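So the structure is just underneath, and the comments pick up after that.
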Amino acid sequence: MAAAPSEGGGLAVGAEVGGMDCAATGSALAPLVVPETLERVQMDQLDAGPVDYVIKCTEGLFSGRFIYVNRTEQGELFGSDKGDKDVTMYIENANLSPKHAEIKFNDKTYQYFLRDFASEDGTWVRIRWNRSIEIAPGQELRFGDTVVEVRAGPPIPLDEEVRCWLTAYGLQHLVDQMHGRGLSTLQDIRGLIGTAGCDAAHFAGDLSPEDALALSSALSALDRMWPAEEYPRHSLEFVRRCPNGGEGKAVAVISWNGGTLALAPLGNVEEPDAALTGSMGSATSP
């Protein structure tokens with residue numbers, strides 16, 4: 001194999017393949033990749049497209065078996081009523097309601113959505129391995145033996161939208177710069193995106209490379225994370241359910257910037273690690 005400098009500063013490589021000299025025959029060879037010249041992108045900027053899902057049964061009669069989830073408009077409806085034509089995934093002897101839960105694929109956002117179908121015992125999602133899911137009013141969270149209801153909390157004022165949005169990305173120090181440019185609502189942000197694109201400099205002036213990259217990423221994800229007319233304009237209130245069925249106790253109110261909910265016996269809880277919580281709020285409850 002022979003190598004020589006190329007015009008672009010890389011190396012042009014000639015090799016004998018099958019007894020034939022590629023350089024001698026004039027075969028075009030791709031230039032070597034120079035890592036320093038490649039554009040850097042964040043993982044959330046990569047679009048992998050739709051992904052097929054399968055569900056693995058981990059407990060019960062069908063433990064170890066896999067169920068394929070189709071991406072059709074109908075989706076999959078799980079239930080125990082074998083005679084119901086709407087039930088696409090009939091599972092017997094699993095304590096399911098006749099129509100228990102459905103999973104549907106959204107071809108616009110490339111997401112799968114799980115919905116309880118007014119089942120008798122509800123549909124529960126177990127989170128493990130440091131993963132996360134979206135939460136919304138009407139859901140219940142179970143931590144050990146403690147059940148916490150998620151309710152709609154106080155509304156987020158229009159003129160506080162940009163502050164809450166920036167705080168969610170750790171960019172709360174840019175609030176004054178944006179307010180000075182007349183940007184206080186997400187509608188203001190969308191309007192400027194329509195005329196200036198996602199160039200961070202148009203929104204907050206001169207920025208450090210790190211802030212510019214983070215803000216550009218937040219701008220690019222705005223319609224996906226805060227869809228127009230669909231994003232929640234309120235905080236979330238977390239109410240611990242009383243064992244005796246009485247009125248629950250609100251233990252936390254968390255806005256777009258997130259927070260830490262700590263439940264501990266007798267209220268003895270360690271202070272949250274600042275490296276983990278950052279600027280997010282926290283709440284504790286016995």
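Predicted model, so just to flag it, every value in this text is computed and none were measured.
- The closest side-chain donor-acceptor pair between Ser97 and Glu120, if any, does not fall under 3.5 angstrom.
- Proximity of a side-chain donor or acceptor of Asp116 to a complementary backbone N or O of Ala101 within less than 3.5 Å is not detected.
- Looking at Glu161, its side chain does come within 3.5 Å of a backbone N or O of Leu186 through a donor-acceptor pair.
- In this structure, Ser80 and Leu96 approach most closely via the heavy-atom pair OG-O, 2.9 Å.
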### Task
Starting from the C-alpha separation in whole Å, work towards a yes-or-no answer on side chain to side chain donor-acceptor pair (under 3.5 Å) for Asp211 and His173.
CA-CA 10 Å; Asp211 283 348; His173 53 284; 2.9 Å; yes
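- The pair Lys99-Asp81 does not meet the salt-bridge criterion, since no charged nitrogen lies less than 4.0 angstrom from a carboxylate oxygen.
- A salt bridge between Arg71 and Asp107 is absent, with no side-chain N of the basic residue lying under 4.0 Å from a carboxylate O of the acidic one.
- Between the side chain of His100 and the backbone N or O of Gly122 there is at least one donor-acceptor pair closer than 3.5 Å.
- Both cation-pi conditions hold for Arg233 and Tyr231: the charged atom is under 6.0 angstrom from the six-membered ring centre and inside a 45 degree cone around its axis.
- Contact check for Tyr169 versus Thr167: no side-chain heavy atoms found under the 4.5 Å cut-off.
- Counting only residues at least two apart or in different chains, side chain to side chain donor-acceptor pair (under 3.5 Å) contacts with residues 128-144 comprise Glu140-Arg241.
- Within a 6.0 Å radius of CG in Asn95, no more than 12 heavy atoms belonging to other residues, nucleotides or ligands are found.
- Counting only distance, with no hydrogens or angles, the side chain of Ser184 and the backbone of His179 share no donor-acceptor pair below 3.5 Å.
- Taking 4.5 Å as the limit, every side-chain heavy atom of Asn70 sits out of range of all side-chain heavy atoms of Phe105.
- Side-chain atoms of Gln177 come within 3.5 Å of backbone atoms of Ala204 as a donor-acceptor pair (strictly under, hydrogens ignored).
- Hydrophobic clustering places Ile103 together with Ile127 (ILVMFWY residues linked when any side-chain heavy atoms are closer than 4.5 Å, directly or through intermediates).
- Ion pairing of Asp188 with Arg181 is absent here, as no side-chain N (NZ or NE/NH1/NH2) approaches a carboxylate O to less than 4.0 Å.
- Summarising the geometry of Ser216 relative to Cys198, their closest heavy-atom pair is OG-O, 3.6 Å, with the distance given to 0.1 Å.
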